[in-house]
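Structure record follows, encoded as structure tokens.
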Amino acid sequence: VQIDHGGRLIAIYCGLDSVSVKPGRYVSIGDKIGTLGKVPCESNQGAHLHLVTKLDGKVVNPLNVMNKTE
């Protein structure tokens, strides 16, 4: 699932087992976008999310764009 947050920020949620949103739909904080799945080559790690954030098309640390330090 790829979400355009505006301000040149895109978040990509990878490793979802199912997706609850349709392309082009607006989402709000708290909306369910999908359920966690298991990536076959990482099955020993259990279900988890891969989050990629891009600012101006460049991959950036999600904590930096969320103004978090940890």
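Taking OH from Y13 and CG from L36, the interatomic distance works out to 12.0 Å, rounded to the nearest 0.5 Å.
Two residues are said to be in side-chain contact when any heavy atoms from C-beta on lie closer than 4.5 Å; I3 and I10 fail this criterion.
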Only pairs under 3.5 Å count here: list side-chain donor-acceptor contacts from residues 55-62, not counting sequence neighbours, and write none if there are none.
{"residue": "D56", "atom": "OD1", "partner": "R8", "partner atom": "NE", "Å": "2.5"}
{"residue": "D56", "atom": "OD2", "partner": "R8", "partner atom": "NE", "Å": "3.3"}
{"residue": "N61", "atom": "OD1", "partner": "L63", "partner atom": "N", "Å": "2.8"}

Contacts table for residues 23-30: side-chain donor-acceptor under 3.5 angstrom, sequence neighbours left out:
none

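Heavy-atom minimum distance, L9 versus D4: O-OD1, 3.6 Å. When all heavy atoms are compared, the tightest approach of L49 to C14 is CD1-O, 3.5 Å.
V21 and V52 fall into different hydrophobic clusters, where Ile, Leu, Val, Met, Phe, Trp and Tyr are joined by side-chain heavy atoms under 4.5 Å apart, directly or via other members.
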Next on the checklist: Would T35 and S18 count as a side chain to side chain contact (heavy atoms under 4.5 Å, CB included) here? Give the steps.
Outcome noted: CA-CA 5 Å; T35 58; S18 67; 2.8 Å; yes

Checklist entry - Can you list the steps and then say if L16 with V1 is a side chain to side chain contact (heavy atoms under 4.5 Å, CB included)? => result CA-CA 8 Å; L16 296 175; V1 172; 3.5 Å; yes

